[in-house]
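Worksheet: the structure to be examined is printed underneath.
Below, read A as the first sequence line, B as the second, and so on, with proteins coming before strands; counting in each chain starts at 1.
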Amino acid sequence: MNAAFYDRPVVEVARDLIGCVVRHGECAGVIVESEAYHDSEPACHAFVGLTPRTATLFGPPGRAYVYRSYGIHACLNAVCEPEGVGAAVLIRALEPVDGIELMRERRGLERLESLCSGPGKLTQALGIGLELNGSDLLRGPVVIAGRPRAWRDIQVAVSKRIGITKAAELPWRFSAADSRFLSRPALSRA
DNA sequence: CATGGGATTGACT
DNA sequence: GTCAATCCCATGC
């Protein structure tokens, strides 16, 4: 993975991240669900413009945007598009690959399919907190690597984004077809 | 300075 | 299916 990968239209990057690997320390998982957000549409945090909260989104591509959701959870995004454009891909679900026992400890759960099947779950499983906001996804501590061979020709499904009230009709959610590790099934349409 | 709303989750009816 | 937990921060007075 290189810097140019993220310096592209955010919807393309969201699709291409399916099958890629997120790693933090000994824990890692394959991305099976993602969503695109862009400052031109109101569901994106960057829609309000450049503020302290959105500064990371408008910064250089290839960085992590980590924010607190509902006062409780952290959610991980990959910042995309050129500096000055507020856009990012929300990582919504992973298929656990490495460090599974540590994930189980952090989550307090055994079931493999429940460890990373949601944006707040996977940050808990991988130990990703707000202190990693703005960190470099090419250098770490959190890194995203390209698709393993087995995931090279995976089928990607398209659907509507989940859990938002504004611009909810945009088909900007992507998922690995038939994955058992999604936050919700991808029933849908392009 | 006070207020209100989430890109969610897990527990409960 | 319903609902509370909990906190950052954008907005408005």
* Given B:dA7, C:dA10, B:dT9, which nucleotide is nearest the side-chain atoms of A:R53? -> C:dA10
* To do: Report yes if at least one side-chain N or O of A:T51 is closer than 4.0 Å to OP1 or OP2 of C:dA10; otherwise report no.
  => yes
* Distance test, side-chain N/O of A:K166 to OP1/OP2 of B:dA7, below 4.0 Å -> no
* Asked: Have A:E95 and A:S179 got a donor and an acceptor in their side chains that come within less than 3.5 Å?
  -> no
* Atom-to-atom span, NZ of A:K121 to C1' of B:dA11 - whole angstrom -> 13 Å
* No-hydrogen, no-angle side-chain donor-acceptor test under 3.5 Å, A:S159 and A:R173 -> yes
* To do: Give a yes/no verdict on a cation-pi contact between A:R161 and A:Y37, requiring under 6.0 Å between NZ or CZ and the six-membered ring centre and an angle within 45° of the axis.
  => yes
* Rounded to whole angstroms, how far apart are CG on A:L115 and C1' on B:dG10? -> 15 Å
* Asked: Roughly how many Å is it from CG in A:L57 to P in C:dC8, rounded to a whole number?
  -> 18 Å
* Asked: Is A:R92 touching bases, backbone alone, or none of the nucleic acid, heavy atoms closer than 4.0 Å?
  -> sugar-phosphate
* **A:R68 CZ - B:dT9 C1' separation (whole Å)** => 14 Å
* In whole angstrom, give the distance that lies between atom CG of A:L109 and atom C1' of B:dA11. => 13 Å
* **Interatomic distance where CD belongs to A:E33 and P belongs to B:dT8 [whole Å]** => 10 Å
* Using purine N1 to pyrimidine N3 plus N6-O4 or O6-N4 for Watson-Crick, or N1-O2 and O6-N3 for G-U wobble, both under 3.5 Å, which nucleotide pairs with C:dC3? -> B:dG10
* What nucleotide, of C:dA10, B:dA7, B:dT8, holds the atom closest to the side chain of A:H73? -> B:dT8
* Please evaluate the base of C:dA5 for a donor-acceptor partner in the side chain of A:Y70 within a cut-off of under 3.5 Å? => no
* Structure fact -> Separation of B:dG5 atom C1' from A:I72 atom CD1, nearest Å, is 14 Å
* Could you grab the distance from atom CG of A:L94 to atom CE of A:M103, nearest 0.5 Å is fine? => 7.0 Å
* Structure fact -> To the nearest angstrom, the OH-C1' distance between A:Y67 and B:dG5 comes to 13 Å
* Asked: Do the side-chain N or O atoms of A:R107 get closer than 4.0 angstrom to the phosphate oxygens (OP1, OP2) of B:dT9?
  -> no
* With distance as the sole criterion, is a donor-acceptor pair present between the side chains of A:R106 and A:Q124 under 3.5 Å? -> no
* Side chain of A:V48 only, please: which of C:dC9, B:dA7, C:dT11 is the nearest? => C:dT11
